[in-house]
Amino acid sequence: YAETDSEYVKAKGTLVVGITVFQPMDYKNEAGEWLGFDADLAKAFAESLGVKAEFQEIEWNNKILELNGRNIDCVWNGMTLTSEVLASMACSKAYCNNAQVVIVPANVAEKFQSVESVKGLNFAVEHGSAGMEVAQANGFKTTNVQDQATALMEVASGTADAAIIDSLMAAAMVGKGTGYENLTYTVALNSEEYGVGFRKDSDLADKLNAFFDAKYNDGSIQKLAETYKIQAALIKQ
Amino acid sequence: MKILEVNNIRKTFGNVEVLKGIDFSLDKGQVLSIIGSSGSGKTTLLRCLNFLETPDAGEIIVNDEVLFDAAKSHITSESQIRKNRLHFGLVFQSFNLFPQYTALENIMLAPRLLAAENNYNGKSKSEFLTQLESQANEILAQIGLSERKNNYPYQLSGGQCQRVAIARALILKPDILCFDEPTSALDPELTGEVLKVIRGLSEQKTTMIIVTHEMEFARDVASKVIFMSDGEICEQGSPSEIFENPKEERTRRFLLRYSGK
Amino acid sequence: MKILEVNNIRKTFGNVEVLKGIDFSLDKGQVLSIIGSSGSGKTTLLRCLNFLETPDAGEIIVNDEVLFDAAKSHITSESQIRKNRLHFGLVFQSFNLFPQYTALENIMLAPRLLAAENNYNGKSKSEFLTQLESQANEILAQIGLSERKNNYPYQLSGGQCQRVAIARALILKPDILCFDEPTSALDPELTGEVLKVIRGLSEQKTTMIIVTHEMEFARDVASKVIFMSDGEICEQGSPSEIFENPKEERTRRFLLRYSGK
Amino acid sequence: MELIIKQMPVVINALNAGFVQTLKLFSITLLGAFPLGLLIAFGSISKITPISVITRLFIWIIRGTPLMIQLLIVYYFPGLVLHNPIWGGGESGRFTAAAIAFVVNYACYFSEIYRGGILSVPVGQQEAGLVLGMTKRQIFFHVTLLQMIKRIVPPISNEIITLVKDTALARIIALQEIIWAGQAFMKGSHGISGAIWPLFFTAFYYLIFNGIVTLALTKLEDKMNYFR
Amino acid sequence: MELIIKQMPVVINALNAGFVQTLKLFSITLLGAFPLGLLIAFGSISKITPISVITRLFIWIIRGTPLMIQLLIVYYFPGLVLHNPIWGGGESGRFTAAAIAFVVNYACYFSEIYRGGILSVPVGQQEAGLVLGMTKRQIFFHVTLLQMIKRIVPPISNEIITLVKDTALARIIALQEIIWAGQAFMKGSHGISGAIWPLFFTAFYYLIFNGIVTLALTKLEDKMNYFR
Ligand SMILES: Nc1ncnc2c1ncn2[C@@H]1O[C@H](COP(=O)(O)OP(=O)(O)OP(=O)(O)O)[C@@H](O)[C@H]1O
Ligand SMILES: Nc1ncnc2c1ncn2[C@@H]1O[C@H](COP(=O)(O)OP(=O)(O)OP(=O)(O)O)[C@@H](O)[C@H]1O
Ligand SMILES: [Mg+2]
Ligand SMILES: [Mg+2]
């Protein structure tokens, strides 16, 4: 391999970005093109390196395999910086705030507005996710599923009482005008941050940090955040 | 003394009339040989006698009891048919021994099940079984297979299998024992031992109907010969009448084919 | 005029000696019948003559040419064996016709492939094929199957299959045509037509070796009979010598078994 | 390498737990599909046309779609479409749903094998029984059944071997079988994260499981060889 | 319901795209596994003991482990352990890896069928050829081959039907086949999110695909019935 990760990426001319479908960070428009807050930023970052961004959907369970096996170059997909993530990847600074929120059917939402009130519920959480960690920390009963979308479906199908997912995702996927109109989100169980993951020892994490600083200073990140209505969650760089 | 009377048996498969009115009768202790070319209906006739096929018309009378009357056949119960079958025994061309049972078990299975239904005719089960086994052993000795009684069919030669099949039919003491080409699935060398057993039975005055292609044997052992052709009895008579002075052209032509000249 | 000489052929499978030194000879145009009980080594002997088995000892001489000498067998090339085989033809008990070819194609396949290797002996391909086909048609007429030539084996009766197998061997014009129980897989009724064809060949002075259980036929058609027992030639001679005055006790006992008395 | 040796006991423990789920699913599928398959087979050769037509259509649909989709439908359909989440969300509900999907799927495959087995016992065996005055019931139990079993052992064996591997599909509805347990170490579990070897290591479990099942089936086949 | 009708065209489009991947994988697996299976079959009946032992061991391992794990190993092993990510991360690399895993897996299954087919042609056919002065080569091509093909059509058909459904496994390495495409609407894709029906709808694709394949195979079987 090339000396550093950035040389490796430049040599092949593409930055392969590992993603899953996650509104509003990464998703496809009706023409089939990738867009979203993360997707747009990744395109810009790749451009700054002089390479092309290539988006690759992955099985979220396999993200570390994908990264270490060099099938992708980074995981940039609203990834919460959990202790496990920090331990196994070289991560950028946090760029976005997030919270783990409780999803329940809208018709019973009133009963579940506090951490205390949701204690007895049966939760669906994504296996290995920040949501799972929070649930365990609170001593909740959980069922671990493959991804957050499945966790939502578990609540919709009644196979779980509630789910814990990212607040950003919740904002985009549940409630009026979404596919899950009968669900809503209530309590936030923690606050946490999103970051971008690279291979361990990669120099790209630092390069991305510098890129974030520059873009924050010229105000373009803020504008992008407004486009996707997540300006409230943005972290100052 | 007439043991069997067959009147006007007809059988149609689809729109092919396979039996076109068969009439014949048989006296107790007689041996009847049925010969005829392939497809003439010999097997179908035996199957009718054993109630494996239901004739479309005709009667079957055994010992003056009407076992079958086509006109009433639809009201005959399953269990009545079962009883009727026991007047006849049938030995198949391909033996049809039960492969999972030894020779002895093959012979004892049917009488054992039958007796179990009737509470062993008032005997104790073990008493009955002892009696049955000694009876089976006797028959095995008669057919010369005492030493192979604990062998499975696959361990027996074709000739031995056929002899077990004969024993299996004999133990139920049928009035009339039928054979459908009992040696045609056998090596020529093994044919002899089966024919010897049948010959022995005829000497003991067992009433038998034998469908066979062994012309020499048919002539030898039969008291009466029927030549079938195309679903009809073309000619019947004593062996010497049929084999030495066939009246019908068809009979003559059929017999000629066997010499290969 | 001697066409075949077999000297001291021995063959062992594992540690069973199946052929214990077979010696005999045959004149051109003679018909040899080999009889003997099951397991006596008749099939093995035919297979040795056709190079399907390699004898452990002995010689096979055809027309004074030594085709096989056990002492030198290891240096014989594949293609030499192929050539040697063409002196003999073999008709199997179970016909072994090629199921995917019609009767005509079965007969023509081998000569066609052989000729293709030799550039059709200088002829053009189409000229050769026309000749071959008319030759095949001639043989088909001879065995009485002209009308069935475009049928596949499964559409033919056993007797018809066996006749095609004979034609398939004949078209290669072997010096000696061998038959291994050519009728024992057939219904007795179909046996006649095959025997008739073989009889026809013998009338045309075809040299043949016939392993058979059809005693009457063997006696009829053979100019010489060998009785094998336990891997040895127990007795040989003219048909009347063997069948009417067998010298050996074993021969007598064997012949008795065929009558079923 | 050293790391692997240190992690080994933890991993083996977790994989064993996953393997227990695999094993449970395997056994219950067999126990359920054997009798259900026979029932379906009788349905498919029934002389009552509607029954046989419906049964055959059902078999065709089940055999024509991936078990993966069947699992998703069995588990999520009641809640999502019927608004009646009968399974509950716990591991035991998932297991029940998985077991039902597997049993039904395998029963359909088995039923076709049974059908072939029943039809392949020569009719001469039945006729021999009839001629000896036996009832149809007696013939089925004393003559046909064992011969049928003998004939279906080899194809059923193939299906059982396939089942060993198919159990892995249950992870689609989050049943934590052995591959799930192996993958957990990639994401972080029991204090180990980013370890791939446990996932590949599950292959050995399958090989050994498979070997044992194959051996047992060969034994069974041998046992049936006392007759031919 | 109305919503579904509105979403239908978009969903169908996306599912079609996924189905093309399924179809491609299916065809390439067959094209590759047919010849490779023959090669492996020859290896497994080779008279050179090391070759036959190694080939059989290989077949045993491949048939004894889930295709799912084989997919994971083929795709991730080069990069993770050999530090040589030969597949790249794109869809085409994933497809190549999936194709290789499928071809090898199915070739092993096919090889066992070929082996059975070769051994089941009666030895009398060979001997008849020899006695007529044909070479071994001529016998293989003019006598044995077609009979072998006839015998293996039914078991190969079964495997092909299984392959139709097995293609779904490729999603484990993120190959976007039809079930993946169906699931995408749960997460949000083409402006639709939280829709479950597209996933269940994929079952129809399988049923139809399966029906067509079954029909084609039955035709083929009929064609081989010109002889027996
Ligand atoms: N179940 C059946 N359905 C239709 N046709 C039948 C059936 N059984 C027999 N046949 C036909 O009835 C005719 C007589 O057959 P059968 O078996 O009685 O003849 P056969 O005299 O015993 O002949 P073979 O000597 O060949 O045994 C044949 O044309 C046969 O094809
Ligand atoms: N390939 C072989 N391997 C081992 N033993 C064999 C082989 N071929 C034949 N034998 C044995 O050689 C002996 C002679 O067999 P062969 O087939 O030549 O007898 P046969 O006289 O043709 O008998 P039949 O009349 O039954 O055809 C038998 O004991 C047989 O089991
Ligand atoms: Mg008949
Ligand atoms: Mg022989």
Side-chain angles (χ1 to χ4, degrees), chain D residues 22 57 60-77 79-81 105 109 112-113 116 154-155 158-159 161-169 171-172 177-180 182-183 186 194-197 199-214, chain E residues 22 57 60-74 76-77 79-81 105 109 112-113 116 154-155 158-159 161-172 177-180 182-183 186 194-197 199-214:
Chain D
T22 298
L57 186 71
W60 181 72
I61 290 175
I62 295 290
R63 294 182 23 129
T65 50
L67 179 49
M68 202 188 272
I69 291 185
Q70 289 162 23
L71 280 162
L72 290 169
I73 291 180
V74 169
Y75 188 63
Y76 291 116
F77 194 82
L80 283 175
V81 182
N105 185 282
Y109 280 90
E112 291 289 281
I113 295 175
N158 283 340
E159 289 302 324
I161 299 288
T162 309
L163 174 60
V164 168
K165 292 166 282 165
D166 266 3
T167 49
L169 290 174
R171 59 196 297 284
I172 195 88
E177 44 66 69
I178 184 165
I179 295 190
W180 181 288
Q183 254 183 342
M186 278 161 38
I196 316 102
W197 68 269
L199 177 61
F200 296 164
F201 195 72
T202 59
F204 286 98
Y205 276 77
Y206 279 106
L207 277 181
I208 290 166
F209 185 19
N210 204 58
I212 292 171
V213 171
T214 308
Chain E
T22 298
L57 186 70
W60 181 74
I61 290 174
I62 296 290
R63 294 181 23 130
T65 50
L67 179 50
M68 202 188 270
I69 290 185
Q70 290 163 22
L71 280 160
L72 290 169
I73 292 179
V74 169
Y76 293 116
F77 196 81
L80 283 174
V81 181
N105 184 282
Y109 280 91
E112 291 288 282
I113 295 175
N158 283 340
E159 290 300 325
I161 299 288
T162 309
L163 174 60
V164 169
K165 292 165 283 164
D166 266 3
T167 49
L169 291 174
R171 59 193 300 286
I172 194 84
E177 44 65 69
I178 184 165
I179 295 190
W180 181 288
Q183 259 181 340
M186 276 162 46
I196 313 103
W197 70 268
L199 177 61
F200 296 163
F201 195 71
T202 58
F204 287 99
Y205 278 77
Y206 278 106
L207 277 181
I208 290 165
F209 185 18
N210 202 59
I212 293 171
V213 171
T214 307

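Each chain gets a letter, A, B and so on, in the order its sequence line appears, and its residues count up from 1.
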Region of Ile172(E) in contact with chain D, defined by heavy-atom distances below 4.5 Å: side chain
Proximity breakdown for Leu207(E) and chain D, heavy-atom pairs closer than 4.5 Å: both
Pairs of donor and acceptor atoms involving the side chains of residues 60-70 of chain D, under 3.5 Å and at least two apart or interchain, shall be tabulated with distances.
from	atom 1	to	atom 2	distance (Å)
Thr65(D)	OG1	Ile61(D)	O	3.0
Thr65(D)	OG1	Gln70(D)	NE2	2.9
Gln70(D)	OE1	Asn105(D)	ND2	2.7
Gln70(D)	NE2	Ile62(D)	O	2.8
Gln70(D)	NE2	Thr65(D)	O	3.1

Under the side-chain contact (heavy atoms from CB on, under 4.5 Å) test, residues paired with Phe204(E) that sit two or more places apart: Phe201(E)
Whether Thr22(E) side chain and Ile178(E) backbone form a donor-acceptor pair below 3.5 Å: yes
Top contributor to chain E contacts, counting heavy-atom pairs under 4.5 Å, from Phe200(D), Phe77(D), Tyr76(D): Phe200(D)
Which atoms of Thr214(D) approach chain E - backbone, side chain, both or neither, heavy atom under 4.5 Å: neither
Side chains of Ile179(D) and Tyr206(D) in contact at under 4.5 Å (non-hydrogen atoms): yes
